[in-house]
Q: 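Below: one structure in structure tokens.
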Amino acid sequence: LPFAAREGATMYYTDKKLMLYGGKKMGTCSAELYTSVTGKTWNLVTPAASSATDTLPGAAAYARTAMDASRAVWMLGKGDCADTSTTIYTTKDAGATWSSLKVPTSIPYKDLGAKADEKFPTTMSGHAFTIVGGWQLVVVDSVNKKVWQFVTKAADAVRLVTKAPAWSTRKDPMLLSSSDNKLYLLGGHNCKDATCTDDEALTDVWMSVASGTSTVGETWTCQTSNYDASLTELYSKGIGRYVTPLMSYDDTIFLIGGHK
């Protein structure tokens with residue numbers, strides 16, 4: 001392969017090709033973009049901004065990303081690259097050109113006290129991100145226990161839908177959406193160091209769905225406290241940080257790789 005070994009790269013199949021963006025090796029993050037029609041041969045591509053007012057994501061690894069119904073790829077921030085900005089980037093052509101979104105307008109939702117129209121944070125870490133119904137961006141600030149829901153396809157308006165979810169505070173949970181517009185929050189961690197020597201990995205699963213009284217992301221119910229008890233060992237929960245989650249068309253969830 002023409003690219004060096006790396007971890008945390010963003011990979012999607014869109015615009016009739018595979019795209020591999022960013023990643024890092026030995027702590028150094030990359031902004032490289034490779035594309036492939038077959039997966040066998042890869043081409044190095046130089047990304048460009050969509051306009052003079054747009055910016056590129058730049059170096060990114062373990063970035064929070066999702067794909068919408070039109071196969072556009074969305075990226076929230078730059079992941080694990082010493083940059084906690086919440087700029088949203090999107091590409092419709094497998095990374096060849098990127099648009100960067102302006103700071104969204106915050107609108108109030110229900111009675112959340114003085115912070116009903118709290119502004120979307122300019123920095124965030126340890127969060128999760130997905131798209132519901134093919135267009136609606138949902139951001140879970142799991143460290144501060146807040147869930148943000150974008151209300152337009154252009155992602156230019158956002159609202160805080162809860163600041164008291166049922167799940168506990170955590171970093172780096174996985175967030176997936178199903179074909180019937182449900183959200184699933186999986187795991188995360190509260191590890192004190194990079195190798196999680198304190199074994200503070202979480203293996204619970206929570207689900208949220210819209211109802212007659214609440215919107216998606218507002219109320220959560222626990223589906224299980226542990227993915228699979230057989231995975232747990234004396235000094236390991238069996239699954240930890242940097243797991244790659246994927247939900248297929250039949251709503252099957254796959255968890256790939258990561259720390260043990």
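Keep in mind the model is a prediction, meaning the values are calculated, not measured.
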Q: Roughly how far apart are Thr97 OG1 and Asp54 CG, rounded to 0.5 Å?
A: 9.0 Å

Q: Show the numbers, then the answer: is there a side-chain contact (heavy atoms from CB on, under 4.5 Å) between Val138 and Phe150?
A: CA-CA 6 Å; Val138 175; Phe150 286 76; over 6 Å; no

Q: Judged by modelled atom types alone, do Ser178 and Asp251 share a side-chain donor-acceptor pair under 3.5 Å?
A: no

Q: Are Val139 and Trp135 co-members of a hydrophobic cluster defined by side-chain heavy atoms under 4.5 Å apart?
A: no

Q: Starting at NZ of Lys145, measure out to OG1 of Thr169 and round the result to the nearest 0.5 Å.
A: 5.0 Å

Q: Please check if the side chain of Thr87 supplies one atom and the backbone of Gly77 the other of a donor-acceptor pair under 3.5 Å.
A: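 Looks like no, no N/O pair under 3.5 Å.
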
Q: Check the hydrophobic clustering (I, L, V, M, F, W, Y; side-chain heavy atoms under 4.5 Å; chains of links allowed) and say if Val205 and Leu255 are grouped together.
A: yes

Q: Check for a donor-acceptor pair, side chain of Arg159 on one end and backbone N or O of Ala157 on the other, with a separation under 3.5 Å.
A: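 Here the side-chain-to-backbone pair does not exist.
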
Q: Using modelled atom types and a 3.5 Å cut-off, is there a donor and acceptor pairing between side-chain atoms of Arg170 and backbone atoms of Gly187?
A: yes

Q: If only atom types and distance count, is the side chain of Glu32 paired as donor or acceptor with the main-chain N or O of Leu44 below 3.5 Å?
A: no

Q: What heavy-atom pair brings Arg6 and Ala4 nearest, and what distance separates the two atoms?
A: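 Scanning both residues, the minimum pair turns out to be NE-O, 3.0 Å.
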
Q: Taking the side chain as every heavy atom from C-beta outward, state whether Met174 and Val243 have any pair of such atoms under 4.5 Å apart.
A: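 The answer is yes; the side chains approach within 4.5 Å.
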
Q: Is it the case that the side chains of Glu7 and Tyr62 hold a donor-acceptor pair, with the cut-off being a distance below 3.5 Å and no angle test?
A: yes

Q: Let me confirm one number: the CE-OH distance from Met11 to Tyr34, rounded to the nearest 0.5 Å.
A: 13.5 Å

Q: Please confirm whether the backbone N or O of Ile131 pairs with a side-chain atom of Ser177, one donor and one acceptor, at under 3.5 Å?
A: yes

Q: Hey, could you give me the OG1/CG distance between Thr90 and Asp68, rounded to the nearest 0.5 Å?
A: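 That separation rounds to 6.5 Å.
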
Q: Taking the side chain as every heavy atom from C-beta outward, state whether Phe254 and Pro245 have any pair of such atoms under 4.5 Å apart.
A: no

Q: Assess whether side-chain contact (heavy atoms from CB on, under 4.5 Å) is satisfied between Leu160 and Lys146, documenting all intermediate values.
A: CA-CA 7 Å; Leu160 176 64; Lys146 296 178 181 180; 3.7 Å; yes

Q: Identify whether the distance between the nearest side-chain nitrogen and carboxylate oxygen of Asp83 and Lys78 falls below 4.0 Å.
A: yes

Q: Please walk me through it: do Asn226 and Thr224 pass side-chain hydrogen bond (donor to acceptor under 3.5 Å, both in side chains)?
A: CA-CA 5 Å; Asn226 190 5; Thr224 180; over 6 Å; no

Q: Regarding Glu118 and Ser106, is there a side-chain donor-to-acceptor distance under 3.5 Å anywhere?
A: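 Side chains of Glu118 and Ser106: no pair found under 3.5 Å.
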
Q: If you look at every heavy atom in Pro173 and Gly126, which pair is closest and at what distance?
A: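 In terms of heavy atoms, the two residues are closest at CD-O, 3.5 Å.
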
Q: Please tell me whether Ile256 and Tyr242 are part of a single hydrophobic cluster in this structure, the criterion being side-chain heavy atoms less than 4.5 Å apart.
A: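 No, because Ile256 and Tyr242 fall into different hydrophobic clusters, even though each may have its own neighbours under 4.5 Å.
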
Q: With distance as the sole test, does Arg71 use its side chain to make a donor-acceptor pair with the main-chain N or O of Ala69 at under 3.5 Å?
A: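 No, because the side chain of Arg71 does not come within donor-acceptor range (under 3.5 Å) of the backbone of Ala69.
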
Q: Apart from Val45 itself, what residues make up its hydrophobic cluster, given side-chain heavy atom links below 4.5 Å?
A: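 The other cluster members (ILVMFWY side chains, heavy atoms under 4.5 Å, direct or chained) are Tyr12, Met19, Tyr21, Leu33, Leu56, Met67, Val73, Met75, Tyr89, Trp98.
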
Q: Would you please test Thr215 and Gln149 for side-chain hydrogen bond (donor to acceptor under 3.5 Å, both in side chains) and show each step?
A: CA-CA 9 Å; Thr215 187; Gln149 180 196 85; 2.8 Å; yes

Q: Test of understanding: clusters of I, L, V, M, F, W, Y form through side-chain heavy atoms closer than 4.5 Å, transitively. Do Trp148 and Leu101 belong to the same one?
A: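 Same cluster: Trp148 reaches Leu101 through Ile, Leu, Val, Met, Phe, Trp or Tyr contacts under 4.5 Å.
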
Q: Return yes when atom NZ of Lys92 has more than 12 non-hydrogen atoms of other residues, nucleotides or ligands closer than 6.0 Å, and no otherwise.
A: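 It does not: Lys92 NZ has 12 such atoms or fewer within range.
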
Q: Heavy atoms only: give me the nearest Thr162-Gly217 pair and the separation to one decimal.
A: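 In this case the closest contact between Thr162 and Gly217 is CG2-O, 3.5 Å.
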
Q: Does any part of the side chain of Trp167, heavy atoms only, come nearer than 4.5 Å to the side chain of Ser142, both counted from C-beta?
A: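 Counting from C-beta outward, Ser142 and Trp167 do come under 4.5 Å.
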
Q: Flag the pair Tyr227 / Asp204 as yes when at least one side-chain heavy-atom distance between them is below 4.5 Å, and no otherwise.
A: no

Q: Looking at Ser50 and Ser99, what are the two nearest heavy atoms and their distance?
A: OG-OG, 3.0 Å

Q: Is the backbone of Thr219 close enough, under 3.5 Å, to the side chain of Ser208 for a donor and an acceptor to pair up by distance?
A: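 Yes; at least one donor-acceptor contact below 3.5 Å.
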
Q: Measuring from Lys17:NZ to Ser36:OG, what's the distance to the nearest 0.5 Å?
A: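 Output value for this atom pair is 10.0 Å.
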
Q: Output yes when a side-chain donor or acceptor of Thr86 lies under 3.5 Å from a complementary backbone atom of Leu76, and no otherwise.
A: no

Q: For Leu183 and Leu176, what are the C-alpha separation, side-chain angles and deciding distance, and is it a side-chain contact (heavy atoms from CB on, under 4.5 Å)?
A: CA-CA 6 Å; Leu183 286 174; Leu176 297 169; over 6 Å; no

Q: When you compare the side chains of Thr195 and Thr197, does any donor N or O come within less than 3.5 Å of an acceptor on the partner?
A: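 No - no donor-acceptor pair under 3.5 Å links their side chains.
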
Q: List the atom of Ala155, the atom of Pro104, and the distance in Å for their closest heavy-atom pair.
A: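 It is O-CB, 4.0 Å.
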
Q: Say whether, by atom type as modelled, one donor and one acceptor occur between the side chain of Thr152 and the main chain of Asp156 under 3.5 angstrom.
A: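 Between the backbone of Asp156 and the side chain of Thr152 there is a qualifying donor-acceptor contact (under 3.5 Å).
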
Q: If we only count heavy atoms from C-beta on, is the Asp80 to Lys24 side-chain gap below 4.5 Å?
A: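 In contact.
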
Q: Within the structure provided, determine whether Phe3 and Leu20 are in side-chain contact (heavy-atom separation under 4.5 Å).
A: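 Yes, at least one pair of side-chain atoms sits under 4.5 Å.
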
Q: What's the spacing between Leu137 CG and Ile88 CD1 if we round to 0.5 Å?
A: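 Answer for the CG-CD1 pair, Leu137 versus Ile88, is 5.5 Å.
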
Q: Checking Gln223 against Tyr184: is there a side-chain donor and acceptor pair closer than 3.5 Å?
A: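 Looking only at side-chain atoms, Gln223 and Tyr184 do not form any donor-acceptor pair under 3.5 Å.
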
Q: Between Asp172 and Arg64, is there a side-chain N and carboxylate O pair less than 4.0 Å apart?
A: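 A salt bridge links Asp172 with Arg64.
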
Q: Are Leu185 and Leu202 connected, step by step, through hydrophobic side chains (Ile, Leu, Val, Met, Phe, Trp, Tyr) whose heavy atoms are closer than 4.5 Å?
A: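 Shared cluster, no.
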
Q: Does any part of the side chain of Glu218, heavy atoms only, come nearer than 4.5 Å to the side chain of Lys110, both counted from C-beta?
A: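 Yes, their side chains come closer than 4.5 Å.
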
Q: Passes side-chain contact (heavy atoms from CB on, under 4.5 Å), His127 versus Lys171? Steps please.
A: CA-CA 6 Å; His127 53 284; Lys171 294 175 280 189; over 6 Å; no

Q: Can you see which heavy atom on Ala60 is nearest to which on Cys29, and at what distance?
A: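 Reported closest heavy-atom pair: N-CB, 4.4 Å.
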
